[in-house]
There are 2 protein chains.
Amino acid sequence: MSPEANPAPPAAAPAPPAVPGKKRLSREIVLCAALALVDAEGLDALTMRRLGQELGRDPMGLYRYAENRAALLDGVSELVLNELAIIPDDPDWQAQLRRIAHDLRHLALRHPNVVPLLVTRPLSTPLGLRPLGTLRPLEQILSLLIDAGFGPEDALHIYRAYYGYLYGHILNELQEFIVDPDENEALLRLGLHRLPPKEFPRLRALAPVLADYDGMAELDEGITILLSGLAARLPHPGAQTKP
Amino acid sequence: MSPEANPAPPAAAPAPPAVPGKKRLSREIVLCAALALVDAEGLDALTMRRLGQELGRDPMGLYRYAENRAALLDGVSELVLNELAIIPDDPDWQAQLRRIAHDLRHLALRHPNVVPLLVTRPLSTPLGLRPLGTLRPLEQILSLLIDAGFGPEDALHIYRAYYGYLYGHILNELQEFIVDPDENEALLRLGLHRLPPKEFPRLRALAPVLADYDGMAELDEGITILLSGLAARLPHPGAQTKP
DNA sequence: CGCCTAGAGTCTACAACGTAGAGCTTTTGC
DNA sequence: GCAAAAGCTCTACGTTGTAGACTCTAGGCG
């Protein structure tokens, strides 16, 4: 299997053909259509046949751009992760990590249906074999931390705690989020009402609090806690952080 | 749809029939077989037909005990969560949370194939409508925290940060874990070797560290950080924690 | 003792899925 | 202008989830 990078050697002009209805496909077009479909109708709607129909093509043609459905899912997840731009400009690593956290959160809110892929797909692929786009954030954050003065090994640990919490928070928030915020509260109350009061007193009492949930604030608070904990307990000259 | 609790009213003796090969099914038997199958061969192996075969029954019979395949997955995930016993004996809430964290980690390691379900299934079901077994840990931990002196709202926040980090860590660790630890290092090196050195210098350099990963230690450290951060910054009389 | 009504279990059938393989058509390189 | 390659389509097969009708078994009641 060839690497997925577009082969640069020949000058490959897209060269749109005469027929107006059908232009040439490309991996990018396919993946974008797939992402759009998932965003609009959920993961289950992403079938080869459906995607083919969406593109006005025979489903079989898709196999030219993704080896199989699983690879297509990986492609979608990579595509989404590529939306996360990590620009290592800010020298303050804490501020940077905080910003990335919020960026990732927004990414998740923009593509809630893809989140299960993001957290789940890597489980089926050993680290070394993942698509490059998936590994890039890892590399960049390691770089960020090491540049900030941490040892490589510590950087790895920090990365893990950080991304661990991040993913966890996103999963939490998306559970709250679900469909329609208007209907949300009613549905929530209705659902909680179903719980046996004897067994779930706390949960039932928290219904109003559960209904309005500020994910952004909660994330920020969590990150603050994590960062302060990390900065304090790691062997660090303490030059760069502003106390 | 009737509640899934076994109807107590008539004295329902299981009453094994004459034929030795086939006893009466039950939701519990079905779910246990499903879990066993998932543990042994992964989520994809859990098809209605396969499960039927495993039980020596016609696949259609399963629909008596789970409305459809999705409900069956929910059942499996609930079954696993029920393995997590939360016994509110220890008065030290921090110690308790730490213990639960390790318990949950062990649970995940025991059923790695179910973890995607655990983190993903709730996304498709609004909180109020989830199976009771899924909500019980939430209720119990809330209870634990409130009994320890936190306000209900704070308890909820703590729960979220805590479970967020926990789930994140588990996902992280399972990515490391994958299949076979022996083959792991070789595969890892091989995989990392594929990365373009210019673009991924940090990651490549960390290969040896990546290879041996102590999930238990890392979890414990993370929890420590989180707990200290939480205990410090929450409006709390400070009577119960031992400083 | 025998019928009779549930419910448990089975059989058959169907639409939709992923994908192999052969064939057709357009584009590309010389 | 032509051969080769690449893009695309068609047909076909095995597998999946599940609806609906059927059969069988267990137990209550005369």
Side-chain angles (χ1 to χ4, degrees), chain A residues 1-2 4-31 33-34 37-38 41-76 124, chain B residues 1-2 4 6-7 9-31 33-34 37-38 41-76 124:
Chain A
M1 50 205 79
S2 62
E4 89 277 2
N6 44 357
V19 190
K22 305 203 169 190
K23 27 184 183 173
R24 190 69 146 268
L25 281 186
S26 75
R27 180 173 163 88
E28 202 194 357
I29 294 180
V30 170
L31 288 184
L37 211 127
V38 172
E41 308 188 29
L43 278 178
D44 291 342
L46 179 55
T47 74
M48 298 312 240
R49 291 168 143 98
R50 180 70 200 281
L51 184 55
Q53 171 183 328
E54 214 72 21
L55 290 162
R57 289 300 196 309
D58 186 280
M60 279 300 115
L62 302 175
Y63 286 94
R64 208 94 8 210
Y65 304 102
E67 204 155 313
N68 47 31
R69 194 180 115 96
L72 206 154
L73 292 177
D74 283 333
V76 169
S124 25
Chain B
M1 52 205 77
S2 62
E4 88 277 0
N6 43 358
V19 191
K22 305 203 169 191
K23 25 182 184 174
R24 191 69 145 264
L25 281 185
S26 74
R27 180 173 163 88
E28 202 196 356
I29 295 180
V30 170
L31 287 183
L37 197 73
V38 171
E41 308 188 28
L43 279 179
D44 292 341
L46 180 55
T47 74
M48 298 313 241
R49 293 168 142 96
R50 179 68 200 281
L51 184 55
Q53 172 183 328
E54 214 72 21
L55 290 163
R57 287 301 196 308
D58 186 281
M60 280 300 117
L62 301 175
Y63 287 93
R64 263 254 174 218
Y65 305 101
E67 203 154 312
N68 45 31
R69 194 180 114 96
L72 206 152
L73 292 177
D74 283 333
V76 169
S124 24

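All chains are named by letter (A, B, ...) in the order of the sequence lines, taking the proteins before the strands, and each is independently numbered beginning at 1.
Here B:R50 pairs with B:E41, B:E54 under the salt bridge (Lys or Arg N to Asp or Glu O under 4.0 Å) rule; sequence neighbours left out. Among residues two or more places apart in sequence or in another chain, the side chain to side chain donor-acceptor pair (under 3.5 Å) test is passed with B:E28 by none.
Atom CG of B:L62 and atom P of D:dT18 are 11 Å apart (whole Å). Summarising the geometry, the separation between CG on A:L25 and P on C:dT27 is reported as 13 Å, rounded to the nearest angstrom. In this structure, A:D58 atom CG and C:dT25 atom P are separated by 14 Å, rounded to whole Å. One atom, CZ of B:R64, and another, P of D:dT18, lie 15 Å apart when rounded to the nearest Å. Residue A:R24 contributes atom CZ, which lies 7 Å from atom P of C:dT27 at whole-angstrom precision. In this structure, CZ of B:R57 is placed 12 Å from P of C:dC11, rounded to the nearest angstrom. With rounding to whole Å, B:Q53 atom CD is found 13 Å from C:dT10 atom P.
From A:L51, atom CG reaches atom CZ of A:R69 across 10.5 Å, with rounding to the nearest 0.5 Å. If you take CD on A:Q53 and CG on A:D58, they are separated by 12.0 Å, rounding to the nearest 0.5 Å. Between the CG atom in B:L72 and the CE atom in B:M48 there is a gap of 5.5 Å [rounded to 0.5 Å].
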Review item, nucleotides 14-17 of chain D N/O atoms under 3.5 Å of protein N/O:
{"from": "D:dG17", "atom 1": "OP2", "to": "B:M48", "atom 2": "N", "distance (Å)": "3.0"}
{"from": "D:dG17", "atom 1": "N7", "to": "B:R49", "atom 2": "NH1", "distance (Å)": "2.4"}
{"from": "D:dG17", "atom 1": "O6", "to": "B:R49", "atom 2": "NH1", "distance (Å)": "3.3"}
{"from": "D:dG17", "atom 1": "O6", "to": "B:R49", "atom 2": "NH2", "distance (Å)": "3.2"}

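More than 12 heavy atoms of other shown residues, nucleotides or ligands fall within 6.0 angstrom of atom CG in A:N68.
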